[in-house]
Amino acid sequence: MEWLIAIVIGTLTSAGVYLTLRARTFPVVVGLTLLSYAVNVFLFAMGRLTIGQPGVIDANALGYADPLPQALVLTAIVIAFAITAFLIVLALKSRGELGNDHVDGLTVDLDEEVIHLKGTKS
Amino acid sequence: MMQLTAVPLLIPLVMSFVLLLARMQGIQLQRILNLIVVTLLIVVSSVLVNNSLSGEYQVYLLGNWQAPFGIVLVLDQLSALMLLITSILALGALWYAIKTKADENGSHFHVLFQLQLLGLNGAFMTGDLFNLFVFFEVLLLASYGLILHGSGAQRTKASLHYVIINLIGSTLFLFAVGALYGILGTLNMADLASKIAILPAENQAVVAAAGLLLLVVFGIKAAMFPLYLWLPAAYANTSAPVAALFAIMTKVGIYSIIRVHGTLFSEGAGELAYYYLPWILALGLITLILASLGVMAARGLREQVAYLVLASIATLLIGIGLNSPAALSATFYYLIHSTLIAGAMFLLADVIARGRGTFEDKFISAPSMPSAILVGSIFIFAAIAMIGMPPFSGFLGKLLILSAALEHAWYTVIVTVIMISSLLLIISMARSGSLLFYKTQTVTSETIQTGEPLNKSALMSVVGLLSAAVILVIFANPITDYTQQIAQQQFNSSNYIQAVLSATAITE
């Protein structure tokens, strides 16, 4: 199971990094979401992977599952969720104001060649 | 004695909700309430600074959970000082926002302002690494709202970069926190430090990597090379009061490096002791060179001030990198100076931009602005203080850092870089001052005067913040005594660890 989790985290992270480096806002948002998934699974695994163990309360059990990473992941999920929502709205706003969805606010023609910087004239 | 430790968090938290409700009564009520609250915060943090003078650590156990099981707030001299600087800067920025009616350009300015203060105060007081992450997010979310306050395509573009890079920073922060927790099994900074001291050698590499990952995160906040590229655009394009308040935001990164790395990887950390310092010193020097070039190349005053902020950050990083009590004391002195003066400079840049009308703050010849002599005199004063020429506090701060650098092995490089960058700053500020104030066009029918008349009551906050440059010099002796105490306390991190871990819960 450790191998599987490690591969999942690695795949999510590399996909997230690749997408974050893209030039348009939508892939960047998706990339950041993937990165936050990766870090959530990573935090979870940092409490060590255990199966069938109770939380700290059972006195008769031989071991217990670490309850703290779950609290950390919950906080991280909420925060990442809120900021992703904010980022999507901001990306839409910048699409409306700059006239395109390029992260640098550049207008790009079909050959992906930069023509001119928009939004500087205001 | 009454526990005041949690008050700097409770006031902004409660008041942000009150301000949200007060919105129905109109913006005037929000303004008055916000002014009262920020003044109250100055009073509270002054009391806390006074309390901390004894050198005692005031540990507040949230929910009465003993450390390291619960989250702790720790108030020592450094935290108290940061709280005081924040609230003073906040009053200056808020007064300017109210007097220029900049808070009317969008909704919820006052609410976001208080939430920003909550995040800042929390980051300065928490003794828990994950809690630091949470307060970072609080202050970032508020800052996302504030940086977009008002409108404009350029502002949206700069904000998008700002949000994305900080989101990446947050993710890296979580990776670092997770790695530290996975190895050490705790998140309390004092407990982390005591666990690192007895760390088996095979785990040191992971902890070292996590520590450097944290340095990247704080480097993004502090705008350290090569992570500073978001700063000039973001600060130059946002509204003036927000930019002034953000002068403290970069200092959060500096504070976190001193607090987290200074505690976790101090003398007691065995092989990991101070392993991060060469990075900070080298990157600080590179940042300083690039910031000086940026100051020279800036096309407008606000962009120039943003690069000046970067230069002051670089100087602070060098001060941390020197790693001696004298250097750290000088760093704190320079930190007080640079935060307040940078805030004043952003406000002054806005005053000038308003006076020049359609020419804004661009470095091109324009008709003379209203009350040019008064504004120009203030500009000379601010520029001299900012770039560190005598007789004001910037000079004294740089002098202290330079004299501390003489004992360091790299002192030729450090002194040369600081001296040359100061020269570059002097040249470029002289050039921008003469372009803005001397090289004016005569007003003819074609070049009509488009600037607003000078807003004297808004100018008061510029003058108020700038007076710090004089006060810091007049009271240099007691203030440097205080910063030396802070530096000593910072170096004795074993006292910090003991104070936090031995704090007992209140029993009935």
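Residue numbers start from 1 in every chain, and the chains themselves are labelled A, B, ... in the order their sequence lines are given, proteins ahead of strands.
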Contact leader toward chain B among A:Ile79, A:Leu35, A:Val28, where contacts are heavy-atom pairs under 4.5 Å: A:Ile79
Salt bridge (Lys or Arg N to Asp or Glu O under 4.0 Å) contacts touching residues 179-196 of chain B (sequence neighbours left out): B:Asp191-B:Lys195
Criterion ring-ring contact (aromatic ring centres under 6.0 Å, His included) on B:Phe133 and B:Phe136, from CA distance to verdict: CA-CA 5 Å; B:Phe133 164 77; B:Phe136 264 32; 8.2 Å; no
Contacting region of B:Leu148 [heavy-atom separation from chain A under 4.5 Å]: side chain
Over all atoms of both residues, closest heavy-atom pair of B:Ala123 and B:Phe135: N-CB, 3.7 Å
Closest contact, heavy atoms only, A:Gly47 versus A:Asp66: O-CB, 3.6 Å
Flag if over 12 foreign heavy atoms under 6.0 Å of CZ, A:Phe86: yes
Side-chain donor or acceptor of B:Trp230 paired with backbone N/O of B:Leu227 under 3.5 Å: yes
Salt-bridge criterion met for A:Lys93 and A:Glu97 (N-O under 4.0 Å): yes
Nearest-0.5 Å distance, CG of residue A:Leu98 to CG of residue A:Asp104: 10.0 Å
Chain A neighbours within residues 162-179 of chain B, where any heavy atom lies under 4.5 Å away: B:Val163, B:Ile164, B:Leu167, B:Ile168, B:Thr171, B:Leu174, B:Phe175, B:Gly178, B:Ala179
Test applied, side chain to side chain donor-acceptor pair (under 3.5 Å); reference residue, B:Thr126; option that passes from B:Asn131, B:Asn121, B:Asn188: B:Asn131
Nearest heavy-atom neighbours spanning B:Leu187 and A:Leu72: CD1-CD1, 3.7 Å
Salt bridge (Lys or Arg N to Asp or Glu O under 4.0 Å) involving A:Asp101 - partner list, sequence neighbours excluded: A:Arg24
Engaged part of B:Phe130 at the chain A interface, taking heavy atoms whose separation is under 4.5 Å: side chain
Toward chain B: residues of residues 6-20 of chain A with heavy atoms under 4.5 Å: A:Thr13, A:Thr20
